[in-house]
Amino acid sequence: MTELILQSGKERSVMRRHPWIFAGSVAHLKGRARVGDTVDVLADDGRPLGRAAFSPHSQIRARMWTFDSEETIDHAFFKRRIAAAVAARAALPELRDQQGLRLIHGESDGLPGVIADRYGDTVVLQLNSAGAEKWRDALATALVQASGCVRVFERSDSDVRGLEGLEARTGTLHGGEPEGPVVIEEHGVRLEVDIRGGHKTGFYLDQRENRWLARTLAAGRSVLNCFCYTGGFSLQALAGGAASVLSIDSSGPALEGARRNLALNPQLSARRAEWRDADVFEELRALKKAGARFDLIILDPPKFAPSAAHADRAARAYKDINLLGFRLLNPGGLLMSYSCSGGIGIELFQKIVAGAAIDAGADARILRRLSAAPDHPVSLAFPEGEYLKGLLCQAV
Ligand code: SAH
């Protein structure tokens with residue numbers, strides 16, 4: 001097999017089980033390898049370190065499939081990895097019966113570049129690396145076997161594919177198109193998931209626990225849900241007995257989805273819900289001007305900083321919305337504030353929120369630190385996997 005030889009000293013990161021090999025760490029390739037081929041990875045003294053998928057067009061030149069240099073990368077390998085990931089979730093009571101569940105969380109499940117989300121009996125598969133792309137069929141087959149789902153739909157249309165030199169690709173991989181919209185239940189609330197065109201694989205499964213937390217805090221409160229997408233937090237707040245829920249998003253299709261979701265849940269009080277098609281930055285200012293106040297504010301913006309290079313601009317955007325959020329809180333009010341930017345760590349995020357509170361003249365404290373649900377685990381060897389962080393703050 002073709003050998004990828006690392007620069008001297010660059011074996012250390014691989015020996016700590018970090019799965020990425022950057023272009024600058026590669027000394028040379030012994031033999032030929034095409035896009036996505038499996039290569040043996042060796043230290044510069046010839047020590048075998050494991051096997052990786054080769055990606056000649058990416059700055060991440062190779063991604064480790066295994067740190068066992070004897071392990072063969074074949075259909076059986078993917079079957080084992082996927083069965084282990086599915087079993088790990090089934091072992092957690094809070095995940096066991098979820099209809100919407102992340103089955104494979106990329107690097108943290110030992111499958112770099114592979115995302116698989118289950119919605120009922122449909123798996124949505126997203127392949128984000130050359131290696132993952134190469135094993136599409138093996139992955140789809142193993143997912144059906146391990147999950148018991150009847151179909152696999154591919155949503156390989158994320159921006160990162162461009163960095164790997166891969167074209168976007170969506171469509172059915174197994175079992176045909178689902179009949180009609182895919183609907184899941186989350187904490188007893190029905191939600192339509194647009195697997196063909198929705199964000200990510202259709203839904204933000206990572207916020208499942210945080211939506212539950214919002215529900216437990218909502219009773220009797222006036223709620224403002226910013227960046228509401230298809231209304232996940234809004235509907236849970238209504239289910240929790242919110243007095244009112246104002247939801248803002250700048251995407252028409254997302255708001256249409258939110259309205260449809262509300263209609264799917266006749267048990268919820270629709271007259272307490274208001275949807276507003278607006279830019280959050282502008283609308284928060286307008287609400288402040290109008291003298292509005294809320295008891296619970298949720299800020300779950302899109303990724304302002306995909307990487308550390310965008311951190312400065314992103315920090316200003318986070319500061320801005322959090323500052324406005326604190327200004328709109330009633331005394332004793334709660335702010336749930338999130339960042340899903342890989343380029344902003346939890347320490348920096350907390351500093352930004354603290355700065356926002358000071359500038360807003362708010363005396364606030366952290367009640368809880370929040371993160372993604374446990375079907376989005378973070379491998380200790382791969383801290384980059386921790387992208388979603390949040391704070392539940394209370395103003396006094
Ligand atoms: N909280 C949601 C997920 C939010 S995703 C959930 O639990 O499902 C981020 C959302 O922000 C998207 O729906 C996007 O349309 C919206 N968005 C992005 N920029 C915006 C802006 N400036 N103003 C309002 N909405 C925006």
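Only heavy atoms go into these numbers, but all of them, side chains included; no hydrogens, no water, no symmetry mates. Numbering starts at 1 and runs along the sequence shown. Read the numbers this way: they start at 1 and go in the same order the structure lists the ligands and their atoms.
For ligand 1, the atoms closer than 4.0 angstrom to any heavy atom of Ser251 are 15 (O). Atom numbering of ligand 1 starts at 1 in the shown order; those under 4.0 Å from a heavy atom of Phe233 are 1 (N), 7 (O). Listed by atom number, the atoms of ligand 1 under 4.0 Å from Ala278 heavy atoms are 23 (N), 24 (C). Using a 4.0 Å cut-off to heavy atoms of Asp279, the atoms of ligand 1 that qualify are 21 (C), 22 (N), 23 (N). Interface atoms of ligand 1 facing Pro302, defined by a heavy-atom separation under 4.0 Å, are 9 (C), 11 (O), 18 (C), 19 (N).
Atom 2 (C) of ligand 1 has its closest protein heavy atom at Asp300 OD2, 3.5 Å. Of all protein heavy atoms, the one closest to atom 26 (C) of ligand 1 is Ser250 OG, 3.2 Å. The nearest protein atom to atom 23 (N) of ligand 1, hydrogens excluded, is given as Val280 N, 2.9 Å; this is a heavy-atom distance. In terms of protein heavy-atom proximity, atom 4 (C) of ligand 1 is closest to Phe227 O, 3.2 Å. What sits closest to atom 6 (C) of ligand 1 on the protein, heavy atoms only, is Arg211 NH1, 3.7 Å. Nearest protein heavy-atom contact of atom 13 (O) of ligand 1 is Asp249 OD2, 2.7 Å.
Ligand 1 has no nitrogen or oxygen under 3.5 angstrom from a nitrogen or oxygen of Thr230.
Looking at Cys226 against ligand 1, nothing comes within 4.0 Å, counting heavy atoms. The residue Glu283 has no part lying near ligand 1, judged by heavy-atom distances below 4.0 Å. If you look at Tyr204 next to ligand 1, the close heavy atoms, those under 4.0 Å, all belong to the side chain.
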Could you walk me through whether Ser58 and Glu164 pass the side chain to side chain donor-acceptor pair (under 3.5 Å) test, one step at a time?
-> CA-CA 5 Å; Ser58 174; Glu164 294 279 308; 2.8 Å; yes
Checking side chain to side chain donor-acceptor pair (under 3.5 Å) for the pair Glu71/Trp65: CA distance, chi angles, key distance, verdict?
-> CA-CA 9 Å; Glu71 191 170 20; Trp65 284 131; over 6 Å; no
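Annotation: Tyr229 is in aromatic contact with Tyr204 [ring centroid separation under 6.0 Å].
Taking a cutoff of 4.0 Å between a charged side-chain nitrogen and a carboxylate oxygen, Lys200 and Asp117 do not qualify as a salt bridge. Ion pairing between a basic and an acidic side chain is recognised when a charged N comes within 4.0 Å of a carboxylate O; Asp375 and Arg208 show such pairing. Taking the charged nitrogens against the carboxylate oxygens, Lys134 and Asp37 do have a contact shorter than 4.0 Å, which makes a salt bridge.
Side chains of Thr66 and Arg51: a donor-acceptor N/O pair is absent below 3.5 angstrom, by distance only.
Note on Leu139: it does not cluster hydrophobically with Ile115, by side-chain heavy-atom contacts below 4.5 Å among ILVMFWY residues.
Summarising the geometry, atom CZ belonging to Arg102 is positioned 9.0 Å from atom CZ belonging to Arg89; distances are rounded to the nearest 0.5 Å.
Using bins of under 30°, 30° to 60° and over 60° for the plane-to-plane angle, the ring pair Phe227/Phe281 lands in the perpendicular bin.
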